[in-house]
Amino acid sequence: MDSSNDDALDIIITNVVATFRTRCHLNLRTIALEGTNVIYKPEVGKVLMKLRKPKITASIWSSGKIICTGATSEDDAKVGARRLARCLQKLGFKVRFSAFKVVNVLAVCSMPFAIHLVDFTKNNRPIASYEPELHPAATYRIKHLKATIQVFSTGSLTVTGPNVQNVATAVEQVYPLLFECQKPLREKRRGELRSQE
Amino acid sequence: MLMNLMRGPVKAPQLGSGFHTSVGKESRAQTLQSGKRQIQQLGSQLQLNQHCLDTAFNFFKMVVSKHLTRGRKMEHVIAACLYLVCRTEGTPHMLLDLSDLLQVNVYILGKTFLLLARELCINAPAIDPCLYIPRFAHMLDFGTKTHDVSMTALRLVQRMKRDWMHTGRRPSGLCGAALLVAARMHTFRRTVKDVISVVKVCQTTLRKRLTEFEETPTSQLTIDEFMRVDLEQECDPPSFTAGQHKTKMQQLENELTRKLDEVEGEISCYKNEIETELEKSRPKLRGIYAAYAREIDPEDTEVLSSASDLEEAESEEAELQAATQHLTQDFLCQVMEEEVGQDRKTDGVRQKMGPEEEGGGALRQVAPLATILGKLTTTAPFDLQQTFDPSPEDDETEHGVLDLDGIDDQEIEKYILNDREVQVKTELWMKQNAEYLQEQREKDERIRKEKEQGTYKEKKKKKSKKGEQVEALTAGEAIEKMLEKKKISRKINYDVLRDLNSRGGGSSPAHPPNTNTDVQQKLSRRRQRRSSGVNYELAANASIMGKRFHRLISTTTTTTKKKKRVESQVQNPVTMTTTTTTTTTTKAVAETSHDPEPHPTSSTAVPPTVEEEEEEEVEEEECVSALQLVGDYGCEEEEVF
């Protein structure tokens, strides 16, 4: 049982959120009427445009600010954003691609052991918080990385952070703490399960 | 308590120089007092003892000193403080109880609670479900055996904890399950419904907990055994085992599908043979169809052979569906269904009617299929290529020019509809959003009309800080106006200010009408808007401070008498404000103004909270009319006091 087991742990990035600006005013109605895969929400004042490849949903505001969500990697997000800008260009707007920034990355990870949340919270008092009445997971916030990790009792983690590197570092940091409060699968029980099936 | 409340406003006028600081403390004291009152109220409803309430008040004081009440409802903060106390003391109160009392969403309270706990660095110990058992047991009405049932339930909960059922779950759910089982063990008939009403979880949750408990080995023990023995073995959390279960099922499924594929391969061979046989025996098509039939055959066989495996047909179907979306032709979808239907039909026995129908159906498919397949074959490789191109980064951010590498223009063309499609979409969109467009049109019309009338008020969301330049004839007036605009404090006593600068009311009588009309105009223009609350407030509070009364009196009385009057006058308009909230008749105001004494308590409670629009509007009207009244009866006022 290693305690520095990053290779064995799969950190799967499920969502990357990025923003960029087109530096020009966009007419939402034109986009809504001439684009495919668009949803226009006039009450809120934005257009949702969905790209198929890479699978991205973009919220477009008339000021030219665009938020892209749903990408599975940072590069994907960038390609998607550029595709989107190209599409807008074709619709006739003088689009310039500027200020592209990845704002949030969401990743999931699964530990091979279950975790005792109460112990985990006790050991890491102010940084970790656990309210079973409100949410089944314990929240661990790493301030200097600006990352939040939600730890579930089954050993699954969801990590959110400003970029992929931070997310990976966060998982590395929290692993030893989780390892201490683990509850490994019992052999007898595993045998029982096998025999049941 | 009464003395405290009275001291507040009475103190202010007497301090000449440092009234800013006293005003600040007064506000803080009032906040703390109202907080204390609310804590007492809520705490009594929860049946907390005095010690807890005092601790809660201490927490509240800390919160206020750290300015954490800003931007939060007082109710939420109070509730969070109380809950904090409950947690630290270990009382069996749930956040749900508090939210029930306040009718606020639990998660909002929870958010506030977590924030306060973090800011005050208070480590609330984790909730133990064992704490709730006695409370729920009492509510379930077990009579004399309550204690026994509670003990059994406690043991059950402890067992659950060992079996890892409690992490990540609401403690109340566990308690509910434990109590239900304990009740049954002691031959009490408590249904699930009874338990839920007490414990506040839903039926599904309770059932789930019971089934989970059933799966633990402890459930196999008899009652006596359970009371005596405690099994050594611990279980894994149910969600963990469920997850493992899932992965196992998935593996099984994969194996099965693989086997299925093999079997299907065999079936498809038989299918092909059957088809070829049937085609040979199919009646020849004559006339126009003959020509098509020749075309069909290569296409058809191509399609059929390639689509013989169900999986491939499905993938083609997917591709074709994608193409249909691109071209927005609905009938293709129908065609697709038919084709799939046909493929599936080939498994079964074909009837004579079948081949003809299929031949006809295949006809319709031919033309679109050809075009679709044609297009797809050209674009598909294109797209695949483009995705592997690298994406350069640097230049874009600097110049803002869009780099076109890795972007397939053709694909993007597909994202844009052509003219006819635009027309269709425009129509659809117009119809769909007819209401919204109607609203917009009405709004525009309204604005246009108002513009013509000259009463167009721009509905801007931000308040304009730069007000009009108001003329002030004296330095005192100028200072007042400045303070109005700068909104330093609403509790400044303008009387004292004026005293400092101008003795005697020579200039003052000229001003009340001015400022009155000023205020009136402002009122009429901005009645609906809260943003001019400042003017309201100040005008209202000026009235509270006895602006007009004092001015009038200053004209008629000498300055020496002012100090005495001020005291009584302060209470006067205060009572006026309270009565305006209850009755809106001017007579009532005039009457009550004669009796300041009996209403000190209610009055002083009112000023800090008198900020509502209607009250202010009413006050304004009242002040004006009262002013007029008083203007008439100026001499009488003097006599009364």
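Lettering follows sequence order; numbering is per chain, from 1. No hydrogens, no waters, no symmetry mates; every other heavy atom, side chains included, goes into these values.
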Looking only at heavy atoms, the pair that brings B/Tyr436 and A/Glu43 closest together is CE1-N, 4.5 Å
Does CD in B/Gln250 sit with more than 12 non-hydrogen atoms of other residues, nucleotides or ligands closer than 6.0 Å? no
Output the distance between atom NZ (B/Lys111) and atom CD (A/Glu131), rounded to the nearest 0.5 Å. 14.5 Å
Check whether more than 12 heavy atoms from other residues, nucleotides or ligands sit under 6.0 Å from atom CD of B/Gln440, and answer yes or no. yes
Correct closest heavy-atom pair for A/Leu134 and B/Leu95 would be CD2-CD2, 4.0 Å
Quick check on B/Arg169 against chain A: is it the side chain, the backbone, both or neither that has a heavy atom closer than 4.5 Å? backbone
Contact listing (chain B partner; residues 116-125 of chain A; heavy atom under 4.5 Å): A/His116, A/Leu117, A/Val118, A/Arg125
B/Leu437 portion near chain A, given a 4.5 angstrom heavy-atom threshold: side chain
Any side-chain heavy-atom pair from B/Arg118 and A/Arg141 closer than 4.5 angstrom? yes
How close do A/Val38 and B/Lys425 get, counting heavy atoms only, and between which atoms? CG2-NZ, 3.3 Å
Other residues, nucleotides and ligands only: do more than 12 of their heavy atoms fall within 6.0 Å of CZ on A/Arg23? no
So does B/Glu435 have more than 12 non-hydrogen atoms from other groups sitting under 6.0 Å from CD? no
Drop me the distance from B/Met430's CE to A/Leu33's CG, to the nearest 0.5 angstrom. 6.5 Å
CZ/B/Arg87: more than 12 non-hydrogen atoms of other groups inside 6.0 Å: yes
Relative to chain A, which segment of B/Tyr107 carries a heavy atom at a distance below 4.5 Å: side chain, backbone, both, or neither? both
Just checking B/Lys208: does its NZ atom have more than 12 heavy atoms from other residues, nucleotides or ligands closer to it than 6.0 angstrom? no
Whatever's closer than 4.5 Å to a heavy atom in chain B on A/Ile115 counts as backbone
Does any heavy atom of chain A fall under 4.5 Å from the side chain of B/Leu428, the backbone, both, or neither of them? neither
List in chain and number order the residues that pass side-chain hydrogen bond (donor to acceptor under 3.5 Å, both in side chains) with A/His135, two or more places apart in sequence or in another chain; answer none if no residue qualifies. A/Gln150
For A/Arg21, is it the side chain, the backbone, both, or neither that has a heavy atom closer than 4.5 Å to a heavy atom of chain B? neither
